[in-house]
Amino acid sequence: MEDVVFLLLCVSSAAAQLCAPDASNGYKVRLSILAALGDEAYLWNDSEMFLFRAALAFAMRTADGQNYDVSNVLVCDETPRVSFWFVVTSPLNPTQLVERRQVEEAVRKSRNRINSAFLLTDKTLEFLGIPPTLAAPAPPSPPPWLIVFGVVMGAAGAGIVLVLVTSVMQKRRKKKEEQTGIDEVEEESRAEENGTASDGVYNLSFSDNDRLTQM
Amino acid sequence: MGQDARPNWDNPLQFILACVSYAVGLGNVWRFPYLCQMHGGGGFLIPYFIMLILEGIPLFYMELAIGQKMSLGSIGAWTAISPYLGGVGLASVVTSLYLCLYYNVINAWSFWYLFHSFQSVLPWSVCPMNSNRTGPIEECEIATPTQYFFYRETLNISPSIEEHGGVSTGQAMCLVLAWLLTYLFIVRGVKSTGKVVYFTSIFPYMVLFIYLIRGITLHGAMNGVKYMFTPNLEQLLNPTTWINAATQIFFSLGLGFGTLIAFASYNHYNNNFERQAIIVSLINCGTSIFASIVTFAIYGFKATVNYENCLERTRLLLLNTFELAEDSMSFDQVFDWIEKLNATYPMQFAEIANQLEPCNLESELDTAVEGTGLAFIVYSEAIKNMPLPQLWSVLYFFMLLLLGMGSMLGNITAIITPLRDFKVLSHLSDELLNGLVCVFCMLLGLGFTTTSGNYWFTIFNDYGANFSLLFIVLIEVIAVSYIYGIKRFEKDIEDMIGHRPNWYWKIMWAGVSPVVLITLFVVYIVNYIRGGTPTYQAWNKELGKSVVTDYPVFGQVFIGLLMVSSVSCVPLTALYVFCRKRKRANHPKRRAVSTAST
């Protein structure tokens with residue numbers, strides 16, 4: 001009985017020594033559940049912590065291939081903020097910690113899965129020291145502004161061409177009218193020159209007024 | 001068939017709308033709110049209206065009268081008033097030319113922003129990724145995404161005016177488009193302009209109204225409106241307030257450019273311009289106030305959002321440092337908690353003390369910005385925080401475009417109308433002359449799309465028109481009142497509209513306006529001399545903000561040239577006319593021979 005208790009104490013103290021704030025092979029995790037979910041926020045309790053350890057074990061398995069278990073993920077220094085430190089022990093040797101870089105790689109690889117397990121995002125589930133990989137830039141299709149520009153430019157160009165063409169046509173029509181107008185005026189003046197005898201103005205002073213002036 | 005009769009506006013409404021479209025421009029949106037903020041909020045309206053009555057409306061009336069009476073552009077009209085004064089018209093044309101060169105660049109920017117609004121994520125709301133994909137671009141991180149988008153992606157600005165670079169293709173394309181549209185609107189002169197102004201003058205009001213509703217319903221808008229309208233009557237004792245009010249009325253109404261003379265020259269002889277002058281001036285001022293309410297509602301929204309973001313960041317910092325539960329502190333308890341934590345954990349608090357930002361709503365509201373900074377940086381920042389930002393962005397930049405285009409129509413007409421009056425050019429068709437002027441201005445305007453182009457733009461904006469306009473309008477009012485004579489002017493007006501101008505107008509023209517203008521002129525010169533080396537704001541990409549820099553020597557020389565070139569037209573033309581008259585007087589024999597032969 002005492003052996004079992006002694007063993008348990010040893011293990012827990014060993015665990016306590018392995019996991020500590022600012023541990024060289026550990027990472028600090030911070031969750032902002034209220035910020036992410038607002039009214040639908042869940043309470044952080046031991047079950048959630050169990051889920052975290054399981055998710056992390058899953059991430060290590062996916063990256064490493066070795067059979068990591070929930071017991072390989074040690075957590076300490078929990079705060080009301082919902083932040084804590086964790087370290088990962090090797091499944092082959094529970095007193096040996098897994099290298100920082102390996103943990104980082106594993107977390108990076110499965111970041112999405114870990115995030116979705118908690119309904120959080122890269123910003124609200126922070127692994128301090130592991131910056132999130134940023135999304136790939138959009139493929140360089142023709143930038144949308146060029147398309148709108150092309151449409152407006154085309155419309156403006158078409159408008160100008162239309163206006164210029166109509167004004168040229170109007171000018172031609174005017175010239176033709178002017179031409180016919182000048183021809184008509186010329187004809188009239190020619191007629192006047194020849195037709196004075198028959199188209200003259202009746203001049204009253206030379207009319208026969210004898211009927212009226214006779215006494 | 002004789003010479004074509006002078007074209008006319010289809011109806012007086014077109015004339016009014018053209019004047020409104022010209023006078024109501026970008027200055028109403030980005031200069032007046034700034035002045036209101038600087039000079040005591042609601043109290044600024046007092047000097048503004050007083051100056052409107054003392055110089056704004058009388059000078060507006062005078063320019064319309066001259067244009068309608070002479071039925072000529074500015075050069076012809078002033079030559080008709082007195083042959084020695086043709087230079088005044090020429091100075092107006094030169095100033096309008098400078099304005100045309102740089103004004104369409106603003107329209108090009110509006111186009112650029114408008115086209116970039118058709119995206120799911122507005123490009124000025126997020127920082128683009130750097131080439132390593134490790135984080136956002138450094139310049140964008142230090143500054144804000146809106147500033148980065150304006151200075152880097154729009155202008156691609158160089159660190160100072162001395163460093164030149166190539167033409168920015170996007171900008172150049174937008175400038176070409178702006179000029180194409182300008183040409184399309186003026187291609188047939190008044191006939192085409194008259195139809196366009198229905199849209200360019202009325203649509204901005206619709207957008208402003210929509211924005212007013214949107215603006216007032218925004219969170220925190222009332223902070224801005226209250227801040228703006230709280231009158232600070234002490235500012236009225238400051239002479240700068242009155243000077244700025246006078247200058248603002250002056251430039252807002254567009255006096256001295258020759259546009260009003262040009263527009264009025266297309267009126268029928270008996271058009272009643274007295275009523276129209278008062279209507280347009282009042283509409284212009286009303287629009288300024290209306291636009292300021294909208295601007296300040298949006299200002300208040302932006303300031304409140306920034307303030308709350310600042311509080312949120314502070315709250316997060318405190319939560320993370322002291323490992324407190326998330327729901328223990330709401331963001332309006334931040335200041336109380338700061339004091340509490342400082343008292344209980346002074347050591348830990350001291351560590352983060354330098355990371356704590358001072359969050360102050362007043363100082364956010366105090367950041368007064370004017371000009372392109374307000375329109376393209378501050379406003380776009382406010383828009384990106386609104387729900388459905390693409391719609392608001394499109395509406396806003398479309399409105400800016402219409403305001404700018406409307407003013408541009410007036411500016412170009414001020415150049416083309418006097419040119420048309422010259423016999424040498426009158427045989428060119430409308431379309432050809434307008435096209436030549438537009439192409440000329442466009443090619444020169446491409447210089448403003450280079451990497452240092454924005455600094456040259458600022459030179460033109462600050463010095464191209466202000467001094468010459470004061471001079472031009474001063475000469476105008478003195479010429480009409482004393483050289484042409486108030487009595488003759490009265491008679492002309494009676495001839496046109498049927499009654500003489502009453503005593504108010506005459507006192508203003510002959511007495512008050514010249515005094516106000518002389519004061520402005522003197523104060524401007526004194527400030528310029530006392531101000532020392534002129535400076536400009538150069539964008540420093542390492543610091544991520546604008547730095548005050550002195551103009552180099554060639555810059556100062558250019559400023560001097562700009563100011564002198566338009567002003568010197570007046571004395572030079574008078575001299576030229578004087579010499580020509582003397583030459584004619586010295587050859588009387590020739591004249592005797594010519595009269596005998598006719």
Side-chain angles (χ1 to χ4, degrees), chain A residues 21 28 30-38 41 43-44 77-84 123-124 126 128 131-138 143-168 170-171 174-175 177-179 181-182 185, chain B residues 1 4 111-121 123 127-136 153 169-170 173-174 176-188 191-192 312 315-316 318-330 390 394 401 429-432 434-435 438:
Chain A
K28 182 167 180 178
R30 190 188 292 145
L31 288 92
S32 311
I33 308 173
L34 268 175
L37 301 170
L43 213 56
W44 185 260
D77 198 30
E78 266 191 76
T79 67
R81 173 70 179 84
V82 194
S83 68
F84 47 84
K123 261 187 106 177
T124 40
E126 297 168 76
L128 298 183
T133 42
L134 304 156
W145 78 268
L146 261 184
I147 302 173
V148 189
F149 172 82
V151 168
V152 178
M153 179 71 105
I160 291 181
V161 165
L162 193 70
V163 168
L164 289 178
V165 163
T166 43
S167 60
V168 163
Q170 261 181 18
K171 281 216 185 89
K174 240 199 223 167
K175 242 196 216 164
E177 282 176 12
E178 249 178 73
Q179 205 54 33
I182 290 175
V185 169
Chain B
M1 272 271 219
D4 285 335
F111 268 123
W112 174 265
Y113 271 80
L114 177 66
F115 295 151
H116 278 86
S117 309
F118 290 97
Q119 290 176 13
S120 51
V121 172
C127 278
M129 219 66 71
N130 63 16
S131 42
N132 299 350
R133 283 211 260 140
T134 52
E153 294 198 15
T169 28
M173 284 159 65
C174 288
V176 168
L177 177 62
W179 275 111
L180 270 182
L181 270 180
T182 310
Y183 179 61
L184 181 62
F185 293 158
I186 55 151
V187 64
R188 290 232 191 107
K191 287 299 166 198
S192 46
E312 181 63 25
R315 172 179 161 264
L316 262 181
L318 291 176
L319 284 182
N320 291 347
T321 320
F322 294 98
E323 307 290 359
L324 305 161
E326 277 185 284
D327 47 1
S328 60
M329 191 193 317
S330 66
Q390 293 84 359
V394 167
L401 205 54
S429 71
D430 260 351
E431 291 86 1
L432 188 57
N434 296 351
C438 286

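Proteins come first, then strands; the chains are lettered A, B, ... in the order of their sequence lines, and each starts at number 1. Just so you know, these numbers come straight off a predicted model, no measurement behind them.
For Met173(B), the side chain to side chain contact (heavy atoms under 4.5 Å, CB included) criterion is met by Trp145(A), Leu146(A), Phe149(A), not counting sequence neighbours.
The closest side-chain heavy-atom distance from Val152(A) to Phe115(B) is below 4.5 Å.
Interface residue Leu319(B): backbone and side-chain heavy atoms are both found under 4.5 Å from chain A. At a 4.5 Å heavy-atom cutoff, the contact between Ala35(A) and chain B is made by backbone and side-chain atoms alike. Neither the backbone nor the side chain of Leu128(A) has a heavy atom closer than 4.5 Å to any heavy atom of chain B. Both the backbone and the side chain of Asn320(B) come within less than 4.5 Å of a heavy atom of chain A. Looking at Leu316(B), the atoms closer than 4.5 Å to chain A (heavy atoms on both sides) all sit in the side chain, from C-beta outward.
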- [ ] Given side chain to side chain contact (heavy atoms under 4.5 Å, CB included), test Tyr183(B) with Val163(A) step by step and report yes or no.
- [x] CA-CA 11 Å; Tyr183(B) 179 61; Val163(A) 168; over 6 Å; no
Open item on the list: Working note: Ile160(A) + Val187(B), criterion side chain to side chain contact (heavy atoms under 4.5 Å, CB included); need CA distance, chi angles, decisive distance, verdict.
Closed with: CA-CA 8 Å; Ile160(A) 291 181; Val187(B) 64; 6.0 Å; no
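Counting heavy-atom pairs closer than 4.5 Å to chain A, the top-ranked of the candidates Ser328(B), Pro123(B), Ala325(B) is Ala325(B). Among Val176(B), Leu324(B), Asp430(B), the residue making the largest number of heavy-atom pairs under 4.5 Å with chain A is Leu324(B).
Taking each heavy atom of Glu326(B) and Leu34(A) in turn, the nearest pair found is OE1-N, 3.0 Å. In terms of heavy-atom proximity, Met153(A) sits nearest to Leu180(B) at SD-CD1, 3.4 Å. Scanning all heavy atoms of the two residues, the minimum distance from Gly159(A) to Leu184(B) falls at C-CD1, 3.5 Å.
Atom CD in Glu431(B) sits 4.5 Å away from atom NZ in Lys171(A) (nearest 0.5 Å).
In this structure a side-chain-to-backbone donor-acceptor pair under 3.5 Å is missing from Glu323(B) to Thr79(A).
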